[in-house]
J.: 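Before I ask anything, let me first share the structure, which is written out below as structure tokens.
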Amino acid sequence: MAHFFLHTMIGQVILTVLEALAVLVPLLLGVAYLTLAERKVMAAMQLRKGPNVNGPFGVLQAFADAIKMITKETVIPSGANRFLFLFAPFLTFSLAMTAWAVIPTNDGWAIANINVGVLYLLAISSLGVYGVLIAGWASNSKYAFLGGLRAAAQMVSYEVSIGLVIVSVLLAVGSLNLNDIVLAQRHVWFCLPMFPMFIIFFISALAETNRAPFDLPEGESELVAGFFVEYSALAFGLFFLGEYANMFLMSGMVSILFLGGWLPPIGIAPFTWIPGPLWLIAKILFCLFVFIWVRATFPRYRYDQLMRLGWKVFLPLSLVWMVLTAGFLLATGLLPQGGAS
Amino acid sequence: MTSVLADYFPVLVFGVLAVIIAGAMLGSSLLFGHQKPYAEKVSAYECGFEAFDDARHRFDVRFYLVAILFIIFDLEVAFLFPWAVSLSRIGLFGFLSMMGFLGILTVGFIYEWCKGALDWD
């Protein structure tokens with residue numbers, strides 16, 4: 001049996017599919033329950049109860065929502081481009097899922113342990129813009145169009161600072177492999193020496209996923225729902241799931257780049273008993289909690305403030321910090337030796 | 001399978017599975033949902049009015065400007081990736097070369113800033 005899975009072609013294919021499902025199924029369940037968790041946490045912060053009818057404490061709410069979305073009608077506007085209209089949620093959802101192929105959940109446990117993991121993640125998150133842009137254009141509705149434009153401009157603006165922050169991390173690691181990035185944090189997590197970059201990355205992640213306080217693309221008071229105003233049924237559901245899966249992905253990136261991935265806070269006895277994947281999950285859940293916390297706390301930004309923050313504050317700041325990091329590491333001889341081969 | 005293909009094969013598997021899941025979800029709502037479109041329902045949403053005209057109009061040139069600026073800076077980041085990984089081997093010369101490149105880019109950035117390309121009002 002072991003021979004079949006490890007040494008034959010078809011066996012390896014089946015093994016890879018099973019591994020992928022072992023990541024995707026928990027991820028989808030997590031995404032479904034994140035929507036519930038968000039409503040519950042925000043309700044608690046606003047002294048309400050939140051969903052509490054379906055099942056004890058509303059735990060079946062996620063399934064009730066799914067059934068409702070399945071039984072709704074998929075309305076395709078008459079002026080819309082039918083193929084692109086349905087392709088956009090498809091793309092958003094598929095990209096958010098595909099990105100998880102490279103996330104390492106323990107030492108060497110990444111399903112695709114490729115040597116350019118960070119580049120892959122950056123490429124996938126850049127492609128996410130297309131889903132939003134296509135949806136905005138294909139709907140042929142004014143709200144959707146404006147929302148799509150806003151979202152695209154916002155996502156590309158913050159991607160530049162995300163890229164520069166990642167470069168500063170890479171300087172301290174000397175490898176593009178996500179496994180190596182986590183292992184480089186054995187002694188100290190990067191969120192301590194690079195604290196300003198950690199904050200910039202987190203805020204940019206909020207902007208990248210169109211979350212409050214940067215949720216202008218879907219700002220209800222002005223654009224109703226922004227780029228997915230025309231969507232219904234599971235076409236809407238795919239957007240919804242894709243966005244929440246992107247939040248998971250961004251939290252995963254924050255955990256891996258700055259919070260030491262699967263590593264425990266201190267490498268001594270009581271902490272090392274807990275297996276690595278649980279640490280990673282705990283860190284991701286913490287980041288997601290902060291996402292929701294921020295949403296319940298801050299009022300929405302104005303669009304000019306949003307662009308100013310991205311281009312005039314984060315970009316110069318991350319650029320200067322990147323140069324300082326490089327200079328400091330070079331001057332003190334602390335640069336990681338070897339690097340990518 | 002060669003090692004590069006073996007490394008990237010799971011990415012393909014993830015992509016295929018994601019497309020299958022998304023297709024199944026989209027298909028199920030088309031299958032189980034009661035489809036009954038009529039002219040008012042499928043017209044574009046415009047706050048209760050009937051849609052005036054097509055939404056594909058001219059839009060603010062600033063969005064275009066942001067896209068152009070993004071290309072410049074994203075290319076810069078793309079140059080920085082290999083540089084950051086190999087800095088220990090290219091040493092001071094590599095560092096100073098990149099500083100020259102970044103210096104030129106910063107001059108351009110300051111020019112944009114002074115010209116008001118980064119303002120949004």
Side-chain angles (χ1 to χ4, degrees), chain A residues 16-17 20-21 24 69-79 86 90 93-94 97-98 100-101 111-114 119 140-143 145 149 153 156-157 159-160 163-164 167 170-171 174-176 229-230 233-235 237-238 303-304 307-308 311-312 315 323 326 330 335-337 339-340, chain B residues 1 7-11 13-15 17-19 21-23 25-26 28-30 32-37 39 41-47 51 54-56 59-60 62-63 66-67 69-70 73-74 77 80-81 84-89 91-92 95 98-99 102 106 109 113 118-121:
Chain A
T16 316
V17 170
L21 283 176
L24 288 181
M69 277 196 274
I70 286 175
T71 51
K72 289 280 176 182
E73 175 180 354
T74 309
V75 179
I76 301 178
S78 52
L86 290 178
F90 217 84
F93 179 81
S94 309
M97 295 285 124
T98 314
W100 281 84
I111 298 192
N113 193 13
I114 56 179
L119 271 183
N140 201 355
S141 155
K142 295 189 178 81
Y143 294 111
F145 186 60
L149 281 178
V156 298
S157 298
E159 206 155 286
V160 177
L164 285 170
V167 168
L170 292 182
L171 280 166
S175 167
L176 291 164
V229 65
E230 297 289 349
L234 268 177
L238 283 182
Y303 204 70
D304 61 321
M307 292 312 242
R308 189 176 64 218
W311 287 100
K312 290 190 172 177
L315 175 62
V323 169
L330 197 69
L335 272 178
Q337 295 301 311
Chain B
M1 278 190 272
D7 277 352
Y8 284 89
F9 179 69
V11 174
V13 171
F14 264 78
L17 281 176
V19 168
I21 295 172
M25 285 164 69
L26 213 55
S28 71
S29 84
L30 285 173
F32 297 114
H34 183 56
Q35 313 289 327
K36 194 185 165 194
K41 192 191 271 178
V42 296
S43 71
Y45 172 66
E46 219 164 276
C47 281
D54 203 82
R56 287 161 193 166
F59 58 91
D60 200 340
R62 287 181 194 283
F63 290 108
V66 166
L69 292 178
F70 163 71
F73 283 99
D74 212 39
V77 172
L80 284 170
F81 269 94
V85 174
S86 58
L87 189 60
S88 65
R89 274 173 293 161
L92 193 62
F95 178 75
M98 189 47 95
M99 288 309 112
L102 288 181
T106 308
F109 184 65
W113 193 315
L118 304 177
D119 293 321
W120 194 291
D121 43 29

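In what follows, chains carry the letters A, B, and so on, assigned in the order in which the sequence lines appear, proteins first and then strands, with residues in each chain numbered from 1.
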J.: Heavy-atom distance under 4.5 Å to chain A: side chain of B/Val13, backbone, both or neither?
T.: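 Just its side chain gets close to chain A.
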J.: Most heavy-atom pairs under 4.5 angstrom with chain B, which of A/Thr74, A/Leu119, A/Val323, A/Leu86?
T.: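 So the answer, after comparing A/Thr74, A/Leu119, A/Val323, A/Leu86, is A/Thr74.
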J.: Taking all heavy atoms of B/Phe109 and all of A/Trp311, pick out the closest pair and write down the distance.
T.: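 In terms of heavy atoms, the two residues are closest at CZ-O, 3.4 Å.
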J.: Given heavy-atom pairs under 4.5 angstrom as the criterion, report whether the side chain, backbone, both or neither of A/Ile76 touches chain B.
T.: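 For A/Ile76, the contact with chain B is made by the backbone alone.
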J.: Between A/Val160, A/Leu24, A/Val156, which residue shows the highest count of heavy-atom pairs closer than 4.5 Å to chain B?
T.: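 Looking at each option in turn, the highest pair count goes to A/Val156.
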J.: As an exercise, state the distance from CG of B/Asp74 to CG of A/Leu164, rounded to the nearest 0.5 Å.
T.: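 Going from the CG atom of B/Asp74 to the CG atom of A/Leu164 covers 9.5 Å.
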J.: Can you tell me which of A/Leu21, A/Thr71, A/Leu234, A/Leu170 forms the most heavy-atom pairs within a distance under 4.5 Å of chain B?
T.: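 Option with the top pair count is A/Leu234.
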J.: Counting heavy-atom pairs closer than 4.5 Å to chain A, which one of B/Gly15, B/Ala84, B/Gly23 comes out on top?
T.: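 Going by pairs under 4.5 Å, I would pick B/Ala84.
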J.: Among A/Val75, A/Val17, A/Asn140, which residue forms the greatest number of heavy-atom pairs with chain B at distances under 4.5 Å?
T.: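 Option with the top pair count is A/Asn140.
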J.: Please report the shortest heavy-atom distance between B/Phe81 and A/Leu176, naming the atom on each side.
T.: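 Reported closest heavy-atom pair: CD2-CD2, 3.6 Å.
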J.: Would you mind checking which part of A/Lys72 comes under 4.5 Å of any heavy atom in chain B, side chain (CB onward), backbone (N, CA, C, O), both or neither?
T.: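 It is the backbone, since no side chain atom gets that close.
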J.: Roughly how far, to the nearest 0.5 Å, is CZ of B/Phe14 from OG1 of A/Thr16?
T.: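 The distance works out to 10.0 Å.
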J.: Only pairs of heavy atoms separated by less than 4.5 Å count here; which of B/Ala18, B/Gly91, B/Ser29, B/Ala67 has the most with chain A?
T.: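 Heavy-atom pairs under 4.5 Å are most numerous for B/Ser29.
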J.: Taking A/Leu330, A/Leu149, A/Leu171 one by one, which has the highest count of heavy-atom pairs under 4.5 Å against chain B?
T.: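 That would be A/Leu149.
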J.: Return the CZ to CG distance between A/Phe93 and B/Leu26, rounded to the nearest 0.5 Å.
T.: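 Spacing of CZ (A/Phe93) from CG (B/Leu26) equals 10.5 Å.
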J.: Heavy-atom pairs under 4.5 Å with chain B: which of A/Ser94, A/Gly163, A/Ala153 has the most?
T.: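 Among A/Ser94, A/Gly163, A/Ala153, the one with the most close pairs to chain B is A/Ser94.
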J.: Heavy-atom cut-off 4.5 Å, strictly under: side chain, backbone, both or neither for B/Phe70 against chain A?
T.: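 B/Phe70 touches chain A through backbone and side-chain heavy atoms alike.
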J.: Going from CE on A/Met69 to CZ on B/Phe32, what distance comes out if it is rounded to the nearest 0.5 angstrom?
T.: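 Result: 15.0 Å between the selected atoms.
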J.: Using non-hydrogen atoms only, which part of B/Met98 is less than 4.5 Å away from chain A: side chain, backbone, both, or neither?
T.: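 Contact with chain A involves no heavy atom of B/Met98 at all.
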J.: Are side-chain heavy atoms of B/Met25 and A/Leu238 found at a separation under 4.5 Å?
T.: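 Yes - at least one pair of side-chain heavy atoms lies under 4.5 Å apart.
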J.: Checking B/Leu102 against chain A: side chain, backbone, both or neither under 4.5 Å from a heavy atom?
T.: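 Looking at B/Leu102, just its side chain touches chain A.
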